[in-house]
Amino acid sequence: MNAGRWWRPWRGSWIKPVAEPIFERMALIGVGLIGSSLARRARERGDLAREVVANARTQATLDRVAELGIADRVELDPARAVEGADLVVLCAPVGVYADLAAAIAPHLAHGAIITDVGSTKVSVIRDVGPLLPAHTHFVPGHPLAGTEFSGPDAGFASLFEGRWTILTPPPGTDGDAVARLRLLWERCGANVAVMDAPHHDRVLAITSHLPHLLAFTICGTADDLATETRDEVLQFAASGFRDFTRIAASDPVMWRDIFMNNREALLEMLARFTEDAQAMARAVRWGDADYIVDKINRSRKIRKNLIEIKQA
Ligand code: NAP
(Lines give C-alpha, C1' and ligand atoms only; values in the text may rest on other atoms or scores of the structure.)
Protein backbone atom coordinates (compact mmCIF):
# COMPACT_ATOMS: atom_id res chain seq x y z
CA MET A 1 0.00 0.00 0.00
CA ASN A 2 1.20 3.52 -0.75
CA ALA A 3 1.08 5.14 2.65
CA GLY A 4 1.21 8.72 1.42
CA ARG A 5 1.76 11.72 3.66
CA TRP A 6 -1.54 11.37 5.55
CA TRP A 7 -0.76 7.89 6.88
CA ARG A 8 1.85 6.76 9.36
CA PRO A 9 3.18 3.36 10.45
CA TRP A 10 2.10 1.99 13.83
CA ARG A 11 2.83 -1.52 15.10
CA GLY A 12 3.52 -2.95 11.69
CA SER A 13 0.55 -1.43 9.87
CA TRP A 14 -0.42 1.94 8.45
CA ILE A 15 -2.83 4.10 10.38
CA LYS A 16 -4.48 7.45 9.86
CA PRO A 17 -2.88 10.33 11.72
CA VAL A 18 -4.12 10.93 15.22
CA ALA A 19 -7.26 13.06 15.13
CA GLU A 20 -8.61 15.63 17.55
CA PRO A 21 -9.83 13.87 20.72
CA ILE A 22 -13.60 13.28 20.91
CA PHE A 23 -13.76 14.06 24.63
CA GLU A 24 -11.87 16.38 26.96
CA ARG A 25 -11.86 14.14 30.03
CA MET A 26 -12.80 10.45 30.18
CA ALA A 27 -13.44 9.03 33.67
CA LEU A 28 -13.21 5.24 33.94
CA ILE A 29 -15.06 3.82 36.92
CA GLY A 30 -13.36 0.43 37.19
CA VAL A 31 -10.04 -0.16 35.49
CA GLY A 32 -9.68 -3.91 35.07
CA LEU A 33 -9.45 -5.82 31.78
CA ILE A 34 -11.95 -3.63 29.89
CA GLY A 35 -11.33 -0.29 31.61
CA SER A 36 -7.55 -0.57 31.31
CA SER A 37 -7.84 -1.58 27.65
CA LEU A 38 -9.82 1.59 26.99
CA ALA A 39 -7.28 3.60 29.00
CA ARG A 40 -4.38 2.13 27.04
CA ARG A 41 -6.12 2.78 23.74
CA ALA A 42 -6.90 6.36 24.78
CA ARG A 43 -3.32 7.06 25.88
CA GLU A 44 -1.64 5.40 22.91
CA ARG A 45 -3.23 7.52 20.22
CA GLY A 46 -4.67 10.50 22.10
CA ASP A 47 -7.71 10.65 19.83
CA LEU A 48 -10.36 9.44 22.30
CA ALA A 49 -9.92 11.88 25.19
CA ARG A 50 -7.43 14.56 26.12
CA GLU A 51 -7.29 13.29 29.72
CA VAL A 52 -7.98 9.87 31.31
CA VAL A 53 -9.01 9.61 34.97
CA ALA A 54 -9.17 6.13 36.53
CA ASN A 55 -11.18 5.00 39.54
CA ALA A 56 -11.28 1.53 41.14
CA ARG A 57 -12.55 -0.07 44.32
CA THR A 58 -9.11 -0.45 45.88
CA GLN A 59 -6.03 1.75 46.21
CA ALA A 60 -3.90 -1.28 45.24
CA THR A 61 -5.43 -1.33 41.75
CA LEU A 62 -4.98 2.43 41.38
CA ASP A 63 -1.34 2.16 42.49
CA ARG A 64 -0.82 -0.44 39.76
CA VAL A 65 -2.55 1.78 37.18
CA ALA A 66 -0.25 4.64 38.15
CA GLU A 67 2.76 2.33 37.86
CA LEU A 68 1.65 1.19 34.41
CA GLY A 69 1.20 4.83 33.39
CA ILE A 70 -2.11 4.18 31.61
CA ALA A 71 -4.08 7.09 33.15
CA ASP A 72 -3.31 10.75 33.63
CA ARG A 73 -4.80 10.70 37.12
CA VAL A 74 -6.11 8.08 39.57
CA GLU A 75 -8.88 8.85 42.04
CA LEU A 76 -10.22 6.51 44.76
CA ASP A 77 -13.43 8.49 45.27
CA PRO A 78 -15.76 7.91 42.27
CA ALA A 79 -17.49 11.25 42.90
CA ARG A 80 -14.19 13.11 42.49
CA ALA A 81 -13.22 10.96 39.51
CA VAL A 82 -16.23 12.10 37.46
CA GLU A 83 -15.96 15.80 38.29
CA GLY A 84 -15.47 17.80 35.09
CA ALA A 85 -15.58 14.67 32.89
CA ASP A 86 -17.54 14.92 29.63
CA LEU A 87 -17.42 11.12 29.31
CA VAL A 88 -17.93 8.65 32.17
CA VAL A 89 -17.54 4.93 31.46
CA LEU A 90 -18.71 2.42 34.06
CA CYS A 91 -16.31 -0.54 33.79
CA ALA A 92 -17.07 -2.37 37.04
CA PRO A 93 -19.16 -5.55 37.56
CA VAL A 94 -22.83 -4.78 36.76
CA GLY A 95 -23.96 -5.65 40.31
CA VAL A 96 -22.36 -2.48 41.72
CA TYR A 97 -23.69 -0.09 39.06
CA ALA A 98 -26.65 1.16 41.15
CA ASP A 99 -24.38 2.13 44.07
CA LEU A 100 -21.87 3.72 41.72
CA ALA A 101 -24.56 5.69 39.89
CA ALA A 102 -25.93 6.99 43.20
CA ALA A 103 -22.43 8.05 44.26
CA ILE A 104 -21.52 9.89 41.05
CA ALA A 105 -24.91 11.36 40.04
CA PRO A 106 -24.67 14.65 41.99
CA HIS A 107 -21.16 15.28 40.65
CA LEU A 108 -21.73 14.76 36.93
CA ALA A 109 -20.94 17.67 34.64
CA HIS A 110 -23.66 19.37 32.63
CA GLY A 111 -24.03 17.59 29.26
CA ALA A 112 -21.77 14.66 30.28
CA ILE A 113 -22.25 11.37 28.46
CA ILE A 114 -22.55 8.36 30.78
CA THR A 115 -21.92 4.97 29.24
CA ASP A 116 -20.82 1.54 30.38
CA VAL A 117 -19.31 -1.72 29.16
CA GLY A 118 -21.47 -4.11 31.19
CA SER A 119 -22.48 -7.49 29.78
CA THR A 120 -26.20 -7.04 30.60
CA LYS A 121 -28.22 -4.09 29.39
CA VAL A 122 -31.82 -4.26 30.70
CA SER A 123 -30.51 -4.29 34.29
CA VAL A 124 -28.12 -1.42 33.62
CA ILE A 125 -30.89 0.77 32.24
CA ARG A 126 -33.07 -0.21 35.22
CA ASP A 127 -30.33 0.41 37.84
CA VAL A 128 -28.55 3.45 36.44
CA GLY A 129 -31.03 5.35 34.24
CA PRO A 130 -33.37 6.69 36.94
CA LEU A 131 -30.45 7.95 39.07
CA LEU A 132 -28.82 10.16 36.44
CA PRO A 133 -29.63 13.88 36.31
CA ALA A 134 -31.64 15.18 33.34
CA HIS A 135 -28.71 17.34 32.19
CA THR A 136 -26.66 14.22 31.26
CA HIS A 137 -26.94 11.70 28.39
CA PHE A 138 -27.08 7.97 29.09
CA VAL A 139 -25.91 5.64 26.30
CA PRO A 140 -25.38 2.07 27.61
CA GLY A 141 -22.89 -0.06 25.67
CA HIS A 142 -21.24 -3.46 25.59
CA PRO A 143 -18.00 -4.29 23.76
CA LEU A 144 -18.11 -7.95 22.72
CA ALA A 145 -14.46 -8.42 23.45
CA GLY A 146 -12.65 -9.94 26.36
CA THR A 147 -10.50 -12.68 27.77
CA GLU A 148 -10.67 -14.85 30.88
CA PHE A 149 -8.18 -12.54 32.63
CA SER A 150 -8.97 -9.66 34.99
CA GLY A 151 -7.33 -6.56 36.41
CA PRO A 152 -5.33 -3.67 34.95
CA ASP A 153 -2.43 -5.88 33.84
CA ALA A 154 -4.74 -7.96 31.65
CA GLY A 155 -5.80 -5.12 29.33
CA PHE A 156 -4.35 -4.26 25.92
CA ALA A 157 -5.02 -1.41 23.51
CA SER A 158 -6.05 -3.60 20.57
CA LEU A 159 -8.66 -5.62 22.51
CA PHE A 160 -11.60 -4.09 20.64
CA GLU A 161 -10.15 -4.23 17.11
CA GLY A 162 -12.36 -6.12 14.67
CA ARG A 163 -14.88 -6.92 17.42
CA TRP A 164 -18.45 -5.63 17.84
CA THR A 165 -19.66 -3.07 20.33
CA ILE A 166 -23.41 -2.92 20.91
CA LEU A 167 -25.03 0.35 22.02
CA THR A 168 -28.49 0.21 23.59
CA PRO A 169 -29.66 3.83 23.94
CA PRO A 170 -33.09 4.04 25.59
CA PRO A 171 -35.80 5.71 23.45
CA GLY A 172 -35.35 9.49 23.31
CA THR A 173 -31.57 9.44 23.83
CA ASP A 174 -29.75 12.42 22.31
CA GLY A 175 -28.60 11.44 18.79
CA ASP A 176 -25.38 13.44 19.06
CA ALA A 177 -24.37 11.56 22.24
CA VAL A 178 -24.94 8.24 20.45
CA ALA A 179 -22.92 9.44 17.45
CA ARG A 180 -19.97 10.49 19.63
CA LEU A 181 -19.91 7.12 21.37
CA ARG A 182 -20.14 5.33 18.07
CA LEU A 183 -17.10 7.31 16.93
CA LEU A 184 -15.23 6.41 20.13
CA TRP A 185 -15.71 2.68 19.57
CA GLU A 186 -14.98 2.96 15.87
CA ARG A 187 -11.68 4.63 16.72
CA CYS A 188 -10.98 1.64 18.99
CA GLY A 189 -11.32 -0.47 15.83
CA ALA A 190 -14.74 -1.90 16.72
CA ASN A 191 -17.81 -2.38 14.53
CA VAL A 192 -20.81 -0.73 16.17
CA ALA A 193 -24.40 -1.99 16.26
CA VAL A 194 -27.38 -0.30 17.91
CA MET A 195 -30.23 -2.39 19.32
CA ASP A 196 -32.73 -2.33 22.15
CA ALA A 197 -31.66 -3.66 25.54
CA PRO A 198 -34.03 -6.69 25.77
CA HIS A 199 -32.86 -7.88 22.35
CA HIS A 200 -29.21 -7.49 23.40
CA ASP A 201 -29.81 -9.56 26.54
CA ARG A 202 -31.47 -12.41 24.59
CA VAL A 203 -28.69 -12.49 22.00
CA LEU A 204 -25.98 -12.47 24.67
CA ALA A 205 -27.80 -15.09 26.71
CA ILE A 206 -27.25 -17.64 23.96
CA THR A 207 -23.88 -16.43 22.61
CA SER A 208 -22.08 -15.77 25.89
CA HIS A 209 -23.98 -16.31 29.12
CA LEU A 210 -25.22 -19.86 28.44
CA PRO A 211 -21.78 -21.06 27.22
CA HIS A 212 -20.23 -19.73 30.45
CA LEU A 213 -22.94 -21.43 32.53
CA LEU A 214 -22.17 -24.71 30.73
CA ALA A 215 -18.41 -24.27 31.25
CA PHE A 216 -18.77 -23.61 34.98
CA THR A 217 -21.13 -26.59 35.25
CA ILE A 218 -18.99 -29.09 33.35
CA CYS A 219 -15.91 -28.14 35.37
CA GLY A 220 -17.97 -28.61 38.53
CA THR A 221 -19.16 -32.01 37.32
CA ALA A 222 -15.57 -33.08 36.61
CA ASP A 223 -14.53 -31.84 40.02
CA ASP A 224 -17.28 -33.89 41.70
CA LEU A 225 -16.01 -37.14 40.18
CA ALA A 226 -14.31 -39.72 42.36
CA THR A 227 -10.70 -38.75 43.10
CA GLU A 228 -8.98 -41.16 40.72
CA THR A 229 -11.20 -40.16 37.78
CA ARG A 230 -10.78 -36.47 38.59
CA ASP A 231 -7.00 -36.80 38.52
CA GLU A 232 -7.26 -38.41 35.10
CA VAL A 233 -9.53 -35.61 33.83
CA LEU A 234 -6.72 -33.17 34.57
CA GLN A 235 -3.93 -35.43 33.32
CA PHE A 236 -5.58 -36.31 30.03
CA ALA A 237 -7.63 -33.13 29.47
CA ALA A 238 -8.38 -33.32 25.76
CA SER A 239 -9.05 -30.12 23.84
CA GLY A 240 -12.81 -30.20 24.56
CA PHE A 241 -12.47 -30.10 28.33
CA ARG A 242 -9.46 -27.80 28.13
CA ASP A 243 -11.48 -25.24 26.15
CA PHE A 244 -14.21 -25.32 28.79
CA THR A 245 -11.65 -24.72 31.56
CA ARG A 246 -10.41 -21.60 29.79
CA ILE A 247 -13.92 -20.14 29.73
CA ALA A 248 -14.51 -21.28 33.32
CA ALA A 249 -11.41 -19.39 34.51
CA SER A 250 -13.34 -16.10 34.23
CA ASP A 251 -13.94 -13.80 37.18
CA PRO A 252 -16.57 -15.16 39.62
CA VAL A 253 -17.95 -11.78 40.74
CA MET A 254 -18.42 -10.59 37.18
CA TRP A 255 -20.22 -13.79 36.17
CA ARG A 256 -22.35 -13.97 39.32
CA ASP A 257 -23.55 -10.46 38.49
CA ILE A 258 -24.20 -11.32 34.83
CA PHE A 259 -26.24 -14.44 35.66
CA MET A 260 -28.28 -12.59 38.29
CA ASN A 261 -28.90 -9.60 36.02
CA ASN A 262 -29.92 -11.51 32.91
CA ARG A 263 -31.95 -14.13 34.73
CA GLU A 264 -35.01 -14.36 32.46
CA ALA A 265 -33.19 -14.57 29.12
CA LEU A 266 -30.56 -16.96 30.49
CA LEU A 267 -33.16 -19.32 31.96
CA GLU A 268 -35.13 -19.25 28.71
CA MET A 269 -32.04 -20.22 26.67
CA LEU A 270 -31.08 -22.85 29.25
CA ALA A 271 -34.55 -24.41 28.97
CA ARG A 272 -34.25 -24.59 25.18
CA PHE A 273 -30.75 -26.02 25.46
CA THR A 274 -31.89 -28.65 27.97
CA GLU A 275 -34.64 -29.80 25.58
CA ASP A 276 -32.13 -30.07 22.73
CA ALA A 277 -29.61 -31.90 24.93
CA GLN A 278 -32.36 -34.38 25.87
CA ALA A 279 -33.10 -34.94 22.19
CA MET A 280 -29.41 -35.63 21.56
CA ALA A 281 -29.32 -38.00 24.55
CA ARG A 282 -32.30 -39.84 23.09
CA ALA A 283 -30.56 -40.16 19.71
CA VAL A 284 -27.46 -41.54 21.43
CA ARG A 285 -29.56 -44.00 23.48
CA TRP A 286 -31.45 -45.32 20.41
CA GLY A 287 -28.51 -45.21 18.04
CA ASP A 288 -30.07 -42.56 15.78
CA ALA A 289 -26.90 -41.94 13.73
CA ASP A 290 -28.61 -39.63 11.22
CA TYR A 291 -29.81 -37.28 13.98
CA ILE A 292 -26.33 -37.14 15.53
CA VAL A 293 -24.57 -36.49 12.21
CA ASP A 294 -27.12 -33.86 11.22
CA LYS A 295 -26.59 -31.96 14.52
CA ILE A 296 -22.82 -32.08 14.18
CA ASN A 297 -22.97 -30.88 10.59
CA ARG A 298 -25.15 -27.93 11.61
CA SER A 299 -22.62 -27.02 14.31
CA ARG A 300 -19.72 -27.25 11.86
CA LYS A 301 -21.55 -24.87 9.56
CA ILE A 302 -21.84 -22.30 12.38
CA ARG A 303 -18.08 -22.54 13.01
CA LYS A 304 -17.37 -22.12 9.28
CA ASN A 305 -19.61 -19.04 9.13
CA LEU A 306 -17.84 -17.52 12.14
CA ILE A 307 -14.48 -17.96 10.45
CA GLU A 308 -15.83 -16.42 7.25
CA ILE A 309 -17.04 -13.27 9.05
CA LYS A 310 -13.73 -13.09 10.97
CA GLN A 311 -15.30 -13.49 14.42
CA ALA A 312 -13.61 -16.81 15.26
P1 NAP B 1 -12.15 -6.75 36.05
O2 NAP B 1 -10.94 -6.95 35.23
O3 NAP B 1 -12.45 -7.71 37.16
O4 NAP B 1 -12.13 -5.27 36.64
C5 NAP B 1 -13.20 -4.77 37.39
C6 NAP B 1 -12.85 -3.38 37.84
O7 NAP B 1 -13.98 -2.84 38.54
C8 NAP B 1 -11.67 -3.31 38.82
O9 NAP B 1 -10.89 -2.18 38.56
C10 NAP B 1 -12.36 -3.16 40.18
O11 NAP B 1 -11.56 -2.49 41.14
C12 NAP B 1 -13.53 -2.31 39.77
N13 NAP B 1 -14.60 -2.33 40.75
C14 NAP B 1 -15.21 -3.36 41.32
N15 NAP B 1 -16.13 -2.93 42.20
C16 NAP B 1 -16.07 -1.59 42.15
C17 NAP B 1 -16.73 -0.56 42.84
N18 NAP B 1 -17.66 -0.81 43.75
N19 NAP B 1 -16.40 0.72 42.55
C20 NAP B 1 -15.44 1.02 41.63
N21 NAP B 1 -14.79 0.08 40.95
C22 NAP B 1 -15.09 -1.20 41.22
O23 NAP B 1 -13.48 -6.75 35.16
P24 NAP B 1 -13.64 -6.59 33.56
O25 NAP B 1 -13.41 -7.90 32.93
O26 NAP B 1 -12.89 -5.39 33.11
O27 NAP B 1 -15.22 -6.31 33.47
C28 NAP B 1 -15.75 -5.03 33.72
C29 NAP B 1 -17.13 -4.94 33.11
O30 NAP B 1 -17.00 -5.24 31.72
C31 NAP B 1 -18.16 -5.90 33.69
O32 NAP B 1 -19.38 -5.24 33.85
C33 NAP B 1 -18.29 -6.98 32.61
O34 NAP B 1 -19.61 -7.49 32.59
C35 NAP B 1 -17.97 -6.21 31.35
N36 NAP B 1 -17.36 -7.00 30.28
C37 NAP B 1 -16.39 -7.92 30.55
C38 NAP B 1 -15.83 -8.65 29.51
C39 NAP B 1 -14.77 -9.69 29.77
O40 NAP B 1 -14.54 -10.56 28.94
N41 NAP B 1 -14.07 -9.64 30.89
C42 NAP B 1 -16.24 -8.43 28.18
C43 NAP B 1 -17.19 -7.43 27.93
C44 NAP B 1 -17.75 -6.73 28.98
P45 NAP B 1 -10.55 -3.32 42.09
O46 NAP B 1 -9.52 -3.90 41.18
O47 NAP B 1 -10.00 -2.28 42.99
O48 NAP B 1 -11.38 -4.37 42.77
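Note that the structure is predicted; figures quoted are calculated from it, not measured. Numbering of ligands and ligand atoms starts at 1, following listing order.
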So ring pair (Phe, Tyr, Trp, His ring centres under 6.0 Å) across residues 98-118, not counting sequence neighbours, yields His110-His135
Using heavy atoms and a strict 4.0 Å limit, residues surrounding ligand 1 turn out to be Gly30, Val31, Gly32, Leu33, Ile34, Asn55, Ala56, Arg57, Thr58, Thr61, Cys91, Ala92, Pro93, Val94, Val96, Tyr97, Leu100, Val117, Gly118, Ser119, His142, Pro143, Ala145, Gly146, Thr147, Ser150, Gly151, Met254, Ile258
- Message: A quick test of your reading: do over 12 heavy atoms of other residues, nucleotides or ligands sit less than 6.0 Å from CZ of Arg73?
- Response: yes
So side chain to side chain donor-acceptor pair (under 3.5 Å) across residues 261-270, not counting sequence neighbours, yields Arg126-Asn261, Arg202-Glu268, His209-Asn262
Next on the checklist: Does this structure show an ion pair linking Asp224 with Arg230, if we count only N-O contacts that are shorter than 4.0 Å?
Outcome noted: no
When you compare the side chain of Ile22 with that of Asp47, does any pair of heavy atoms fall below 4.5 Å? no
Residues 165-193 vs ring pair (Phe, Tyr, Trp, His ring centres under 6.0 Å), sequence neighbours excluded, gives Phe160-Trp185
